[in-house]
Colleague: 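Here it is: the structure, laid out below.
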Number of protein chains: 2
Amino acid sequence: MSIDGQLPPKARLLRAAAELLANSGGSAVSTRQITQLAGVTAPTLYHHFGDKEGLFDAVVAAGFDEYVAGERDFAPSGQPLEDIRRMWDNHVQFGLKQPELYLVMFGNIRPESRPAIVADAEALMEEMLNKAAVSGQLNVPPKEAARSILAANVGVTLMLIAEKVPERNLELSSMTRDAMIFAVSTEQARDNGSVDSGKSSVVVAAIALNAALQASHSDQLSSSELKLFLEWLHRISTS
Amino acid sequence: MSIDGQLPPKARLLRAAAELLANSGGSAVSTRQITQLAGVTAPTLYHHFGDKEGLFDAVVAAGFDEYVAGERDFAPSGQPLEDIRRMWDNHVQFGLKQPELYLVMFGNIRPESRPAIVADAEALMEEMLNKAAVSGQLNVPPKEAARSILAANVGVTLMLIAEKVPERNLELSSMTRDAMIFAVSTEQARDNGSVDSGKSSVVVAAIALNAALQASHSDQLSSSELKLFLEWLHRISTS
DNA sequence: CAGTTCATATAGCGTTGCTATAGGTGCTAG
DNA sequence: CTAGCACCTATAGCAACGCTATATGAACTG
């Protein structure tokens with residue numbers, strides 16, 4: 001029920017805050033919960049961190065180190081765009097694994113502290129994109145590309161977090177990811193890269209028919225037939 | 001200093017909450033502020049809206065009406081993808097114009113009571129994408145495309161809101177927007193912005209799918225399923 | 001006119017983030 | 001060794017928060 005160890009109070013506060021934040025399940029975390037779990041009283045918190053937000057910022061800083069460590073774990077593969085892709089996935093995974101922490105880092109917009117984190121994440125991605133640019137794989141300046149990709153990455157992750165777990169469809173992530181990477185890369189990079197959006201004409205046609213059927217009320221099929229028909233159509237569309 | 005008019009208390013509460021939310025400058029808005037500005041006492045608020053969140057939801061609903069009105073203001077241009085583009089821009093403008101309201105609507109992600117707003121916005125976009133799909137301009141099922149585009153749209157808007165006004169670079173928006181639209185559209189749609197309008201129909205789509213299925217061997221359906229599927233397809237095609 | 005329902009007010013509960021004040025601890029200077 | 005000092009932590013409590021048990025008036029209905 002309490003974080004004891006022989007750690008100094010400051011570390012215990014950090015650990016307690018991180019733990020409560022990770023397990024809060026979305027509800028707010030109070031300073032009293034934190035101080036109680038840390039086995040400390042209120043003034044100690046404010047002595048070390050100034051205020052609640054200061055404590056959270058410290059937690060976020062630690063969380064960001066972990067995030068960066070994850071991003072750096074992949075040795076550069078020689079294919080910068082492939083690295084960007086893994087970076088994206090790592091970002092999403094980080095968000096889904098620690099949603100509360102992620103929300104504090106990227107979701108909660110506090111005009112003051114947020115940009116720092118975002119700027120760091122942006123720099124990390126820009127650095128990688130720079131390599132792509134050097135080898136002529138980039139269609140846009142790395143800085144703009146990084147901002148754009150990161151914005152989409154955050155948007156996707158927030159949307160996935162907001163969804164209930166069983167409904168989460170990671171295709172949303174991979175699809176958006178490939179779209180963004182495709183858009184910033186040169187044709188040269190697309191050819192030898194593994195980004196292919198080559199959809200068969202079957203899929204395109206199925207999608208079109210599906211939409212057309214939704215729009216118009218055809219009476220060529222009975223309702224039960226139509227139901228099964230649409231189901232198959234969807235199966236083809238999402239292949 | 002108070003919203004009087006002769007409006008009923010419920011409307012005054014709504015107006016007061018909206019006003020405070022719009023001018024709060026990021027800081028929290030308390031029920032006491034709201035009730036005081038509305039010239040009402042606490043129980044009135046809870047009688048009409050249940051709780052604070054209920055009131056905010058109501059404000060959001062009103063805000064969403066405004067949002068939708070903006071989205072619908074554009075008469076369909078006959079070029080669905082162009083409409084999607086304007087939809088994107090309208091979304092961003094809405095966010096920048098009313099950042100606090102926007103944050104309540106799209107930013108503040110409460111994993112549980114995720115505002116139905118997002119779903120509504122998604123539906124709105126899906127509806128538009130459906131038109132694109134009907135005329136064969138879509139590479140992906142409309143539903144998935146809508147989610148993906150909206151996620152990126154929200155991500156970009158949040159990032160722009162988080163930036164200080166003088167630093168805001170709207171190119172981030174247009175670039176990401178075009179990347180997403182490009183990614184979900186077919187080559188056909190990219191070449192001539194306007195495809196044969198109105199000509200597409202269930203029949204045309206069915207014929208196209210039929211032909212496409214004959215040409216390629218999809219393995220999404222079993223042979224018996226495929227047989228029945230093709231039969232239905234034929235029935236639709238010859239109606 | 002009695003009864004019921006709706007709408008608002010009085011007053012206050014429990015919790016929140018935070019702090020004024022004071023006391024204990026370990027260090028260094030004389 | 002001790003006096004003084006800086007650092008750290010605890011006691012106690014404030015103002016503001018979201019919210020509610022209860023009561024009162026108004027308006028409609030039989």
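Lettering follows sequence order; numbering is per chain, from 1.
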Colleague: Under 3.5 Å, is there a donor-acceptor pair between the side chain of A:Thr157 and the main chain of A:Asn153?
Modeller: yes
Colleague: Taking B:Thr35 for its side chain and B:Arg32 for its backbone only, find out whether a donor-acceptor pair lies under 3.5 Å.
Modeller: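 Present.
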Colleague: Please report whether the ring centroid of B:Tyr67 lies less than 6.0 Å from that of B:Tyr102.
Modeller: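 So the answer is no for these two rings.
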Colleague: Starting from C1' on C:dA9, measure out to CG on B:Leu45 and report it in whole angstrom.
Modeller: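 Answer to the nearest Å: 14 Å.
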Colleague: Please check the phosphate of D:dT20 (OP1 and OP2 only) for any side-chain N or O of B:Tyr46 closer than 4.0 Å.
Modeller: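 No, no such contact exists.
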Colleague: Let me know the distance between CD1 of A:Ile34 and P of C:dT16, rounded to the nearest Å.
Modeller: 11 Å
Colleague: Can you say whether the rings of B:His91 and B:Phe106 are parallel (under 30°), tilted (30 to 60°) or perpendicular (over 60°)?
Modeller: tilted
Colleague: So, is A:Ser30 close to the C:dT16 phosphate, meaning a side-chain N or O under 4.0 Å from OP1 or OP2?
Modeller: yes
Colleague: To the nearest angstrom, how far is B:Asp51 atom CG from D:dC17 atom C1'?
Modeller: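 Whole-Å distance recorded here is 14 Å.
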Colleague: Return the value, rounded to whole Å, for the distance between atom CD of A:Gln36 and atom C1' of C:dT16.
Modeller: 15 Å
Colleague: Mind calculating the distance between CG (B:Leu13) and P (C:dA7) to the nearest angstrom?
Modeller: 13 Å
Colleague: Counting only side-chain N and O atoms of A:His48, is one of them less than 4.0 Å from OP1 or OP2 of D:dC7?
Modeller: no
Colleague: Within the side chain of B:Lys52, is there an N or O that forms a donor-acceptor pair under 3.5 Å with the backbone of B:Val29?
Modeller: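 Yes, B:Lys52 side chain to B:Val29 backbone: donor-acceptor pair under 3.5 Å.
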Colleague: Under a 4.0 Å N-O cut-off, is there an ion pair linking B:Asp83 with B:Lys131?
Modeller: no
Colleague: Can you check the B:Lys10 NZ to C:dT8 P distance for me, whole Å?
Modeller: 11 Å
Colleague: Is there side-chain contact between B:Arg147 and A:Glu163, with heavy atoms separated by less than 4.5 Å?
Modeller: yes
Colleague: Expressed in angstrom and rounded to an integer, what is the separation of B:Phe49 atom CZ from C:dT8 atom C1'?
Modeller: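 Atom CZ in B:Phe49 sits about 14 Å away from atom C1' in C:dT8.
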Colleague: With 3.5 Å as the limit, what N/O pairs link the protein to nucleotides 10-13 of chain D?
Modeller:
| residue | atom | partner | partner atom | Å |
| --- | --- | --- | --- | --- |
| D:dA10 | OP2 | A:Thr41 | N | 3.0 |
| D:dA10 | OP2 | A:Thr41 | OG1 | 2.6 |
| D:dA10 | OP2 | A:Thr44 | OG1 | 3.3 |
| D:dA10 | O5' | A:Thr41 | OG1 | 3.4 |

Colleague: With a cut-off of less than 4.0 Å, is there a side-chain N or O of A:His47 near OP1 or OP2 of D:dT9?
Modeller: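 No, because none of the side-chain N or O atoms of A:His47 sits under 4.0 Å from OP1 or OP2 of D:dT9.
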Colleague: Quick one: B:Phe56 CZ to D:dG18 C1', roughly how many Å, whole number?
Modeller: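 Going from CZ in B:Phe56 over to C1' in D:dG18 covers 11 Å.
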